[in-house]
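First up is the structure itself, then whatever we jot down about it.
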Number of protein chains: 2
Amino acid sequence: MERPARRRAPAAISRPIAERRGDADEPTLGVLEGFIGFHLRLAQDASFRSFAQRAGRHDLRPGRFAAMMIIHDNPGINQTALGRLIARDKSTITPLLQGLERQGLVVRRAAANDGRSFVLTLTPAGEATLRELLAQAREHDRKLDEIIGDRKDEFIRLLQRIVQDIG
Amino acid sequence: MERPARRRAPAAISRPIAERRGDADEPTLGVLEGFIGFHLRLAQDASFRSFAQRAGRHDLRPGRFAAMMIIHDNPGINQTALGRLIARDKSTITPLLQGLERQGLVVRRAAANDGRSFVLTLTPAGEATLRELLAQAREHDRKLDEIIGDRKDEFIRLLQRIVQDIG
DNA sequence: TATTGTTATACTCTATAACTATA
DNA sequence: TATAGTTATAGAGTATAACAATA
């Protein structure tokens with residue numbers, strides 16, 4: 001018996017899965033399966049969605065939360081430095097802070113020593129909101145901790161190394 | 001001598017770094033430092049940027065590349081199944097494929113057995129382009145491999161577990 | 001009734017460039 | 001000249017909902 005003729009895929013990439021498993025089978029990720037970058041993307045996407053869902057009720061998005069957290073930890077920080085910490089351009093920071101200020105969570109005061117920059121602090125309402133958000137974020141990250149298990153430190157170190165070395 | 005009075009941060013979160021290290025110091029990530037989700041976000045962002053920069057010359061974006069890769073590995077797949085594999089809604093797939101089709105990289109034929117769906121395949125030009133893109137992607141991922149080292153399999157397994165379990 | 005794909009629409013996130021004010 | 005911040009603008013990427021065609 002002769003197998004039906006099929007188009008051959010270029011050997012340089014990989015043979016189509018259909019040749020090996022039959023057309024009706026589950027689709028496959030193929031080569032992508034071995035790509036760190038691909039899995040990194042999917043994992044971040046899944047984590048983000050889970051976080052956003054939990055946070056939806058509190059108008060919490062990762063960017064807002066991270067900004068508030070950093071202002072809390074670095075009272076008096078300016079916008080450019082904040083942007084550097086979360087790897088975003090200053091033009092991205094402006095509307096983010098405008099939103100937080102409009103909601104009364106953040107105050108921007110003119111810096112005493114530099115007429116160009118603003119000094120950022122959380123208002124008492126901002127601190128209170130941050131406490132709630134942090135509780136949510138901790139729940140989220142506790143779930144990630146459970147998934148990662150006892151290799152958390154190493155896992156984070158690898159992620160940091162990606163940030164530093166991928167440039 | 002009396003230390004200057006400072007606003008106390010709520011004990012429930014953490015003390016401002018400025019209290020511990022002085023206002024002039026480098027800003028800190030504080031609590032975020034221990035959050036897997038935060039580092040996941042930064043790492044994916046850095047990886048994405050590096051990939052996009054390398055790819056810019058070839059009009060390669062992660063989404064386009066992943067779609068072509070999957071069509072290559074699963075010739076005859078339809079749009080909905082493709083969307084499932086990369087975790088995107090079908091309405092997101094439509095314009096993506098229209099772009100690839102307009103460039104002559106992908107063909108959509110009516111499915112023989114189902115009048116609703118399209119059968120996706122790469123054109124010869126698409127296969128050729130994919131080969132180039134794959135070379136780029138491999139370089140990118142080789143860099144990630146170097147960074148991650150001999151724990152690659154475990155690292156990918158953890159990322160996959162996040163996707164599966166975070167829900 | 002359920003599913004495939006398209007369209008209309010809208011929203012979030014982001015950056016570049018040009019600008020003002022200050023250093 | 002360089003830096004902090006704003007604004008105008010534009011572009012990727014994404015989803016929801018309503019729809020037509022088909023199963």
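Each chain gets a letter, A, B and so on, in the order the sequences are listed, and its residues count up from 1.
Applying the salt bridge (charged side-chain N to carboxylate O under 4.0 Å, His left out) test to residues at least two apart or on different chains, the pairs with a partner in residues 153-163 of chain B are A/R151-B/E154. Within the structure, ring-ring contact (aromatic ring centres under 6.0 Å, His included) pairs that include any residue of residues 147-167 of chain B comprise A/F155-B/F155 (at least two apart or interchain). Residue pairs meeting the salt bridge (charged side-chain N to carboxylate O under 4.0 Å, His left out) criterion with at least one partner in residues 96-106 of chain B, sequence neighbours excluded, are B/E101-B/R108.
Residue A/T80 is in sugar-phosphate contact alone, with no base atom involved, counting any heavy-atom pair closer than 4.0 Å across all strands shown. Counting non-hydrogen atoms under 4.0 angstrom, B/S117 reaches the backbone sugars and phosphates but no base.
Relative ring orientation between B/F51 and B/F65 is described as tilted, the plane-to-plane angle lying within the 30° to 60° band.
Set against C/dT6, D/dT6, D/dA4, the side chain of B/Q79 has C/dT6 as its closest nucleotide.
Atom CZ of B/R64 and atom P of D/dT14 are 13 Å apart (whole Å). In this entry the distance linking CG of A/L97 with P of D/dT6 reads 8 Å, nearest Å. Residue B/I77 contributes atom CD1, which lies 12 Å from atom P of C/dT4 at whole-angstrom precision. In this structure, A/F118 atom CZ and D/dT6 atom C1' are separated by 9 Å, rounded to whole Å. Here the P atom of nucleotide D/dT6 and the CZ atom of A/R102 are 13 Å apart, to the nearest Å. In this structure, A/E101 places its CD atom 13 Å from C1' of D/dT6, rounding to the nearest Å. Atom pair A/R84:CZ and D/dT3:C1' shows a separation of 10 Å (rounding to whole Å applied). Taking atom CG of residue A/L120 and atom P of nucleotide D/dA4, one finds them 13 Å apart after rounding to whole Å.
Pairing partner, C/dT12: none, since no Watson-Crick or wobble contact has both distances short of 3.5 Å. For C/dT4, the paired nucleotide is D/dA20, the pair qualifying as Watson-Crick or G-U wobble because both relevant distances are below 3.5 Å.
A salt bridge links A/D45 with B/R88: the closest approach of a Lys/Arg side-chain nitrogen to an acidic carboxylate oxygen falls below 4.0 angstrom.
With its glycosidic angle more than 90° from 0, D/dA18 adopts the anti conformation.
The phosphate of C/dT6 (OP1 or OP2) has a side-chain N or O of B/T94 nearer than 4.0 angstrom. Contact check, B/Q98 against C/dG5: no side-chain N or O comes under 4.0 Å of OP1 or OP2.
The salt bridge (charged side-chain N to carboxylate O under 4.0 Å, His left out) check on B/R41 picks up nothing, with sequence neighbours excluded. For B/H39, the ring pair (Phe, Tyr, Trp, His ring centres under 6.0 Å) criterion is met by no residue, not counting sequence neighbours.
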| query | Reading nucleotides 13-23 of chain C 5' to 3', which nucleotides get B (base under 4.0 Å from a protein heavy atom), which S (sugar-phosphate only), which -? | reply | SSBBB---BBS
